[in-house]
2 protein chains.
Amino acid sequence: MAKGESDFAAEAELNLGEFEASASFMLRLAELASYQAVSSLQTEVELSLPEQTVLVAIMMNPDARQGSIADRLHIRWPNMTKLVARLEKKKLITRRVSAEDRRVVTLTATNEGVEVARGVRERLIAYDKRALSMLDESECAQLVALLRKVVGWPSPAAKS
Amino acid sequence: MAKGESDFAAEAELNLGEFEASASFMLRLAELASYQAVSSLQTEVELSLPEQTVLVAIMMNPDARQGSIADRLHIRWPNMTKLVARLEKKKLITRRVSAEDRRVVTLTATNEGVEVARGVRERLIAYDKRALSMLDESECAQLVALLRKVVGWPSPAAKS
DNA sequence: GCATAATTGTTCACTCGGAAACAAGAGTGC
DNA sequence: GCACTCTTGTTTCCGAGTGAACAATTATGC
């Protein structure tokens, strides 16, 4: 066996045993796969995926508190500060200190930000479908329902 | 009132629209949730979750090529180099240059590494169950099956 | 044989995410 | 009023992940 070895399967198939049935492990791999799939489809926008998500969230929730959005999207506050600064620098959002509680920073999309966010939202939804095209519609819905349980979000119309 | 706890209503008021039905978006949130859940259960080991996973993979696949493990676990090669260096520094694995192809580095767990890896594997499996305790057994299996499809791994004994 | 390409892994420079410490505003008790 | 604490967001520092360029080895074309 010059180079092909006696056992060709050994190279191709690594054994991961019970890990292949570990939900959190598979969750990590699947997240990486879908993230990269969606990212690779991105060509038009100069925003990272988290930035796009935050921008859309701000667009859909005007005057929301910065911390609320961070918590909902599982973004740490220090990182949210930097992320918001980048969006503000690009004039997509504005930061305003609340009058009632001057610790609070509220976020609102600018006109340009709303414009961009609308396009981003459409593309993200479309790319999501393409990136997960290995699942049919019912499987996709099933997956989302299970993931909502994992995240702890109440499912709106959950049955089964 | 604890910070992110009782103020659930305010957070729930945030509208994320179609994103809540986006599989890739929910995948990201769920991965974060499970990762942090498993991490928070970790107290005995001084290894990161990726390090633990790689160590177990090496333990279960002696003499496997470094690149093969990296590819399978979706770890980029530059990062794998550093990760492997850390494991080697802790004397959990050994790196060997292959005789047949001297570009190739093969990895094997040391005796201590095997010992640690066995414990890690057991704990990871147990913590996985605890971190995903919001799912019952059948839901968990269903989730794993769907995630395997997303990742592109053929389901072993599962008949569609 | 020798130049060229392809594979395998590493180094480098950079960005991003994280915990801890910090600043500033608001609430509480006296 | 004043000290104390909690909340909200920021700054600082560090570790981890990534792409690009690199070195070393092997395969390929002629």
Side-chain angles (χ1 to χ4, degrees), chain A residues 1-5 11-12 28-29 31-33 35-36 39-40 42 46-54 58 63-89 93 95-107, chain B residues 1-7 10-11 28-29 31-33 35-36 38-40 42 46-54 58 63-90 93 95-107:
Chain A
M1 9 315 189
K3 154 66 181 295
E5 320 296 353
E11 256 196 21
R28 203 175 80 83
L29 289 189
E31 195 276 329
L32 280 171
Y35 190 99
Q36 289 169 19
S39 287
S40 73
Q42 295 284 141
E46 69 292 352
L47 298 168
S48 74
L49 230 35
E51 286 168 352
Q52 293 180 46
T53 306
V54 168
I58 292 171
D63 285 324
R65 284 177 29 218
Q66 175 171 320
S68 301
I69 295 182
D71 288 346
R72 192 78 196 272
L73 265 33
H74 283 76
I75 297 171
R76 298 289 188 282
W77 284 15
N79 192 41
M80 188 65 170
T81 296
K82 295 181 254 185
L83 198 159
V84 160
R86 291 197 293 270
L87 291 179
E88 190 186 24
K89 195 168 193 175
I93 65 169
R95 293 160 30 90
R96 250 189 350 230
V97 173
S98 165
E100 301 123 12
D101 186 339
R102 288 171 50 206
R103 291 168 304 184
V104 170
V105 172
T106 61
L107 306 176
Chain B
M1 118 173 112
K3 184 181 60 85
E5 294 301 318
S6 336
D7 209 6
E11 283 184 15
R28 204 176 79 83
L29 290 189
E31 195 276 330
L32 280 171
Y35 190 99
Q36 289 169 20
V38 173
S39 288
S40 72
Q42 295 286 142
E46 70 291 352
L47 296 168
S48 74
L49 230 33
E51 285 168 351
Q52 294 179 46
T53 307
V54 168
I58 292 171
D63 285 324
R65 284 178 27 215
Q66 175 171 320
S68 302
I69 295 182
D71 289 346
R72 191 79 196 273
L73 265 32
H74 283 76
I75 297 171
R76 297 290 188 281
W77 285 16
N79 192 41
M80 188 66 171
T81 296
K82 295 184 261 184
L83 199 159
V84 160
R86 292 197 292 272
L87 291 179
E88 190 186 25
K89 195 167 193 175
K90 295 182 177 175
I93 65 169
R95 293 160 30 90
R96 247 186 357 225
V97 173
S98 165
E100 300 127 13
D101 186 339
R102 289 171 48 204
R103 292 168 301 184
V104 169
V105 173
T106 61
L107 306 176

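All values reported here derive from a predicted model rather than from experimental measurement. Proteins get letters first, then strands, A, B, ... in listed order; numbering begins at 1 in each.
Look at CD on B/E31: it is 13 Å from C1' on C/dG17, rounded to the nearest Å. Spacing between atom CG of B/D71 and atom C1' of C/dT7 amounts to 12 Å, rounded to whole angstrom units. Remark: P of C/dT8 and CH2 of B/W77 are 5 Å apart, rounded to the nearest angstrom.
Using a 4.0 Å heavy-atom cutoff across all strands shown, A/E100 reaches sugar-phosphate atoms only and no base atom.
Separating the CZ atom in B/R95 from the CD1 atom in B/I58 is a distance of 10.5 Å, to the nearest 0.5 Å. The distance from the NZ atom of B/K89 to the NZ atom of B/K82 is 14.0 Å, given to the nearest 0.5 Å. In this structure, the separation between CZ on A/R76 and OG1 on A/T81 is 13.5 Å, given to the nearest 0.5 Å. For the atom pair A/L32 CG and B/R28 CZ, the distance stands at 12.0 Å (nearest 0.5 Å). Taking CD of A/Q66 as the reference point, atom CG of A/L83 lies at 9.5 Å (rounded to 0.5 Å). Here the straight-line distance linking atom CG of A/D71 with atom CE of A/M80 works out to 9.0 Å at 0.5 Å rounding.
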Please write out the pairs of protein N or O atoms and N or O atoms of nucleotides 17-22 of chain D separated by less than 3.5 Å, giving the distance to one decimal.
{"from": "D/dG17", "atom 1": "OP2", "to": "B/N79", "atom 2": "OD1", "distance (Å)": "2.7"}
{"from": "D/dG17", "atom 1": "OP2", "to": "B/N79", "atom 2": "ND2", "distance (Å)": "2.5"}
{"from": "D/dG17", "atom 1": "O5'", "to": "B/N79", "atom 2": "ND2", "distance (Å)": "3.4"}
{"from": "D/dG17", "atom 1": "N7", "to": "B/K82", "atom 2": "NZ", "distance (Å)": "3.3"}
{"from": "D/dT18", "atom 1": "O4", "to": "B/K82", "atom 2": "NZ", "distance (Å)": "3.3"}
{"from": "D/dG19", "atom 1": "OP2", "to": "B/R76", "atom 2": "NE", "distance (Å)": "3.3"}

Are any protein N/O atoms closer than 3.5 Å to N/O atoms in nucleotides 3-6 of chain C? If there are, list each pair with its distance.
none

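In this structure, B/T106 contributes its side chain and B/S98 its backbone to no donor-acceptor pair below 3.5 Å. Here the side chain of B/K90 pairs no donor or acceptor atom with the backbone of B/L47 at under 3.5 angstrom.
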For side chain to side chain contact (heavy atoms under 4.5 Å, CB included), just list the numbers for B/E88 and B/L107, CA-CA rounded to whole Å, side-chain angles, deciding distance to a tenth of an Å, and then say yes or no. CA-CA 10 Å; B/E88 190 186 25; B/L107 306 176; over 6 Å; no
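For D/dA27, neither phosphate oxygen OP1 nor OP2 lies less than 4.0 angstrom from any side-chain nitrogen or oxygen of B/R102. For D/dT8, one of the phosphate oxygens OP1 or OP2 lies less than 4.0 angstrom from a side-chain nitrogen or oxygen of A/R65.
For the pair B/G67 and A/D101, both in contact range of DNA chain C, the more 5′-proximal nearest nucleotide belongs to B/G67.
Ranking C/dG9, C/dT10, D/dT8 by closeness to the B/R95 side chain, first place goes to C/dT10.
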